[in-house]
Number of protein chains: 2
Amino acid sequence: MVDVFRALDDETRRLILDDLSARDGQTLFEICTTLAMRHGLTLTRQAISQHLGVLESAGLVVTERRGRSKFHYFNPGPLAQITGRWPSSKRSEQ
Amino acid sequence: MVDVFRALDDETRRLILDDLSARDGQTLFEICTTLAMRHGLTLTRQAISQHLGVLESAGLVVTERRGRSKFHYFNPGPLAQITGRWPSSKRSEQ
DNA sequence: TTGATATGCAAGCAGCGGCTTGCCTACCAT
DNA sequence: ATGGTAGGCAAGCCGCTGCTTGCATATCAA
């Protein structure tokens, strides 16, 4: 079980959430190519896979397996742990 | 300059923000004793000082020096970088 | 079945981060 | 000036983390 705060403490993982937020339900290879295209990321497939594992363990990404493909969906729910911890931050947003 | 996400990726630093959120304008020694009392933290003064340095570098803590004392104030402003990055999280909060 | 596609597991390495230790500077009271 | 208080600087250690590499598993097409 990974902390939401730790999961977000990595620019690559945040970029993955960006990409999933823009186009949900991508597969691992799709995410790899998207990251390479849009941000010049030159990471291995395994690196991205491990990042996705962290995000999934933190509940920020939910997966669905069909055949030999695994689709990843962005789940913003756990982000409430951040905004809910320091109520004054909510005030400053509204 | 430290990232907001990295600054939050540490339970001690989050506890410091909790304490400052509860009672603002504390000094380093006050924060040390508060953490020790309320959470059983047995960290050195330097450790807390370094944590405060990270929080200040991330803009989450603002300081004011008077005499030989330095007062720390919680600034929730940078938290908007988190809630503002993935708009769907805002929706799920309201 | 054979080959190609899509993903998973595990070991190993390098770098960073948190913590301690030791010493130093600045301010205040007596 | 002296002693005590509040904080800062820097080096060093250790554990964790991100990344690679190599191999293995599972699914689909021909």
Side-chain angles (χ1 to χ4, degrees), chain A residues 1-20 23-37 39-73, chain B residues 1-20 23-37 39-73:
Chain A
M1 222 34 102
V2 173
D3 203 320
V4 185
F5 299 95
R6 168 160 306 173
L8 289 181
D9 182 19
D10 189 285
E11 181 61 18
T12 303
R13 286 197 282 268
R14 289 181 296 237
L15 289 175
I16 292 178
L17 290 186
D18 290 343
D19 282 343
L20 286 182
R23 186 162 75 92
D24 221 6
Q26 293 190 59
T27 177
L28 172 58
F29 273 80
E30 288 174 328
I31 295 175
C32 287
T33 57
T34 306
L35 287 180
M37 295 290 188
H39 306 101
L41 258 285
T42 64
L43 288 181
T44 319
R45 171 185 60 85
Q46 281 81 355
I48 309 291
S49 176
Q50 288 169 4
H51 281 307
L52 285 171
V54 173
L55 289 171
E56 185 174 5
S57 172
L60 286 167
V61 161
V62 178
T63 63
E64 177 196 3
R65 185 129 204 179
R66 277 204 305 267
R68 57 183 166 180
S69 296
K70 189 176 180 183
F71 301 91
H72 302 77
Y73 300 90
Chain B
M1 221 35 100
V2 173
D3 204 319
V4 185
F5 299 96
R6 167 160 306 172
L8 289 181
D9 181 19
D10 188 285
E11 180 61 18
T12 302
R13 286 197 283 267
R14 283 173 295 210
L15 289 175
I16 291 178
L17 290 186
D18 290 343
D19 282 342
L20 286 183
R23 186 162 74 91
D24 221 5
Q26 293 189 59
T27 177
L28 172 58
F29 274 80
E30 287 175 328
I31 295 175
C32 286
T33 57
T34 306
L35 287 179
M37 294 291 189
H39 306 101
L41 258 285
T42 64
L43 289 181
T44 318
R45 171 184 59 87
Q46 281 81 352
I48 309 291
S49 176
Q50 288 169 3
H51 281 307
L52 285 172
V54 173
L55 289 172
E56 186 175 3
S57 172
L60 286 167
V61 161
V62 177
T63 62
E64 178 196 3
R65 186 129 204 181
R66 276 203 306 267
R68 57 183 166 181
S69 294
K70 189 177 178 183
F71 302 92
H72 302 77
Y73 300 89

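All chains are named by letter (A, B, ...) in the order of the sequence lines, taking the proteins before the strands, and each is independently numbered beginning at 1. Just so you know, these numbers use all the heavy atoms, side chains as well, and skip hydrogens, waters and symmetry mates.
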Inset, instruction - Using heavy atoms and a sub-4.0 Å distance, could you list which residues of residues 3-17 of chain A are near DNA chain C? By number, please. - result: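 When residues 3-17 of chain A is checked for heavy atoms under 4.0 Å from DNA chain C, there are no hits whatsoever.
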
Inset, instruction - Could you identify which residues of residues 24-31 of chain B place a heavy atom less than 4.0 Å from some atom of DNA chain C, listed by residue number, or say none? - result: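 Going residue by residue through residues 24-31 of chain B, none turns out to have a heavy atom under 4.0 Å of DNA chain C.
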
Nucleotides 20-27 of chain D: which of its N/O atoms have a protein N/O under 3.5 Å away?
residue, atom, partner, partner atom, Å
D:dT20, OP2, A:Thr44, N, 2.9
D:dT20, OP2, A:Thr44, OG1, 2.4
D:dT20, O5', A:Thr44, OG1, 3.0
D:dT20, O4, A:Gln50, NE2, 3.0
D:dG22, O6, A:Gln46, NE2, 3.2
D:dT27, O2, A:Arg68, NH1, 3.0

Are any of the side-chain heavy atoms of [X] and [Y] separated by less than 4.5 Å?
X       : Y       : answer
A:Leu35 : A:Leu43 : no
B:Ile31 : B:Leu20 : yes
B:Leu17 : B:Val61 : yes
B:His72 : B:Leu55 : no

According to side-chain contact (heavy atoms from CB on, under 4.5 Å), who are the partners of [X], at least two apart in sequence or on a separate chain?
X       : answer
A:Arg45 : A:Leu28, A:Phe29, A:Cys32
A:Glu30 : A:Arg23, A:Gln26, A:Thr27
A:Glu56 : A:Thr63, A:Lys70
A:Glu11 : A:Arg14, A:Leu15, B:Arg85

Legend entry - Whole-Å distance separating the CG atom of A:Leu52 from the P atom of D:dT17: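 In whole Å, D:dT17 P and A:Leu52 CG are 18 Å from each other.
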
Inset, instruction - Using atom NE2 of B:His51 as one end and atom P of D:dG7 as the other, report the distance to the nearest whole Å. - result: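 The answer, rounded to whole Å, is 17 Å.
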
Inset, instruction - Name the first nucleotide and the last nucleotide along DNA chain C (5' to 3') that come under 4.0 Å of a heavy atom in chain B. - result: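 Listing 5' to 3', DNA chain C meets chain B from C:dG17 to C:dC28.
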
Legend entry - Partners passing salt bridge (Lys or Arg N to Asp or Glu O under 4.0 Å) against B:Asp10 (at least two apart in sequence or in another chain):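 Result, salt bridge (Lys or Arg N to Asp or Glu O under 4.0 Å) vs B:Asp10: none returned.
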
Legend entry - Residues that A:Asp9 engages under salt bridge (Lys or Arg N to Asp or Glu O under 4.0 Å), provided they are two or more places apart: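 Listed in chain order: B:Arg6.
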
Inset, instruction - Quick one: list whatever passes side-chain hydrogen bond (donor to acceptor under 3.5 Å, both in side chains) with A:Arg65, sequence neighbours left out. - result: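 Here no residue qualifies.
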
Legend entry - Counterpart residues, side-chain hydrogen bond (donor to acceptor under 3.5 Å, both in side chains), relative to B:His51 (two or more places apart):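 Expected list: B:Arg13.
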
Inset, instruction - Quick one: pull up CD1 in A:Ile16 and CG in A:Leu41 and give me the separation to the nearest 0.5 Å. - result: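 Reported value, rounded in 0.5 Å steps: 8.0 Å.
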
